[in-house]
Amino acid sequence: MLFKFYSIVIFMVDEKYLKAGKIAAEVREESKKLIEPGARLLDIAEAIEKLINNKGADMAFPVNLSINEIAAHYTPLKNDTVFLKETDIIKVDIGVHIDGYIGDTAYSISLDKSKEDLVKASELALENAIKLCKPETKVSEIGHVIRDTIESRGFNPITNLTGHGLERFDLHAKPSIPNIPVGTEILKQDQVIAIEPFATDGKGFVKDSGSIMIYTLVAPAPVRSETAREVIKLVADRQRLPFTERWFNFTPIKLRLGLHELRQRGVLYDYPMLREESGKFVSQAEHTVIVGEEPIVTTEFVKKIDEEQNEKHK
Ligand code: MN
Ligand code: MN
């Protein structure tokens, strides 16, 4: 009896990872039609987050829409004026959570055909890395195959960006999953990890750019301003999952003062926008994987059987 009860609990946990992953995969595929020259980043972000909510889930982090040499952590603010251009390569990084269980997945689209090889390089690296997501694999072996795959296509991996473990309400848990052959940790059965190779035609190193659009609540503390208190209240149930100011409805001045106070008091952790140091193009591909003899890619898109039937009859 006891054993049975125990296995039901484990089953329920996995089920939420699978559900979050499935929604993330659907949103990823449905969002691709939004990516076209002339599209406004703010509209894309709002549409993607609405898709997540409409499927009964919540964002594990604000959708990241990082263009060209920006590798990660760009999410439009309310006054964003960026429109996609025909020469752009965009990384769309989507996070879904259900009750704290996360699906994290990303894709790149090059609107310029000449940069499609760069997109392919990170996709192939991800594909090869997933095959190694078995118990007892060293994380350095994953980094090795990612680096080799990207280099074999004539590009460089970004050395100071990594994938990561996923735990309930914890987006960046141990172990780090490197994009180069480093690290001593060993994968364990049923561990949930996000693998995210980044490829570039530049040096392969990212730097903080100074702009901050994404935060995490790390240490709630007494604060003076009403806005700061409101922000803490609004994001408290996210625990340590990241958020963005775009989700709030304060006046710009109140918001700026509130965030300033929260940062000064050490309440927030910042995720600064990351830029490729040499200013070159960056691509990213990401999936969430449950480690096992047969690795389970929770964010893999599974077409519904009736959809396939419909297509056959077209
Ligand atoms: Mn991601
Ligand atoms: Mn990730």
Side-chain angles (χ1 to χ4, degrees), residues 17 20-29 31-32 35 41 44-45 48-49 51-52 57-67 70-76 89-98 100-109 119 122-123 125-127 129-130 133 139 142-143 146 157-180 183 185 187 191-199 206 213-216 238 240-244 269 271-274 282-291 295 297-301:
Y17 270 121
K22 182 174 180 281
I23 291 173
E26 288 171 4
V27 171
R28 184 189 62 233
E29 296 311 311
S31 73
K32 287 179 180 170
I35 308 300
L41 288 198
I44 298 171
I48 289 175
E49 292 178 353
L51 278 173
I52 295 172
D58 198 1
M59 283 73 80
F61 51 84
V63 62
N64 285 208
L65 300 173
S66 307
I67 291 177
I70 300 166
H73 302 168
Y74 185 102
T75 197
I89 172 166
I90 183 171
K91 279 83 52 196
V92 179
D93 196 337
I94 296 165
V96 167
H97 89 92
I98 290 176
Y101 299 94
I102 300 167
D104 186 2
T105 184
Y107 65 93
S108 301
I109 287 183
V119 171
S122 48
E123 286 173 352
L126 176 60
E127 218 173 278
I130 287 169
C133 293
V139 295
I142 295 181
I146 289 174
I158 293 198
T159 57
N160 62 336
L161 281 176
T162 67
H164 46 89
L166 288 166
E167 278 173 26
R168 194 172 174 214
F169 285 107
D170 189 354
L171 180 62
H172 292 127
K174 281 183 177 173
S176 279
I177 310 294
N179 291 323
I180 50 170
E185 273 151 314
L187 298 186
Q191 207 166 30
V192 186
I193 57 174
I195 301 186
E196 45 187 313
F198 288 82
V206 291
M213 298 139 194
I214 301 172
Y215 309 86
T216 285
R238 298 181 60 75
R240 292 174 76 129
L241 293 177
F243 63 89
T244 179
Y269 173 84
Y271 290 93
M273 187 176 96
L274 300 171
V282 178
S283 73
Q284 173 201 18
E286 180 176 22
H287 269 309
T288 298
V289 184
I290 302 177
V291 174
V297 183
T298 69
T299 49
E300 195 162 47
F301 183 62

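Read the numbers this way: they start at 1 and go in the same order the structure lists the ligands and their atoms.
The name of the N, O or S atom in Glu286 nearest to the Mn ion (ligand 1) is OE1. Note on Glu196: its N/O/S atom closest to the Mn ion (ligand 2) is OE2. As for Asp93, its N/O/S atom nearest the Mn ion (ligand 1) is the one called OD1.
The angle Asp104:OD2 - the Mn ion (ligand 2) - His164:NE2 amounts to 90°, with values rounded to 10 degrees.
The side chain to side chain contact (heavy atoms under 4.5 Å, CB included) test with Phe169 singles out one residue from Arg238, His97, Arg240, and that residue is His97. Here the rule is side chain to side chain donor-acceptor pair (under 3.5 Å) with Gln284, and of Glu123, Lys91, Glu196 only Glu196 fits it.
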- Task: Begin from the C-alpha positions of Leu166 and Leu171 and carry the test side-chain contact (heavy atoms from CB on, under 4.5 Å) through to its verdict.
- Result: CA-CA 5 Å; Leu166 288 166; Leu171 180 62; 3.9 Å; yes

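Using cut-offs of 30° and 60° for the angle between ring planes, the His172 and Tyr271 rings count as tilted.
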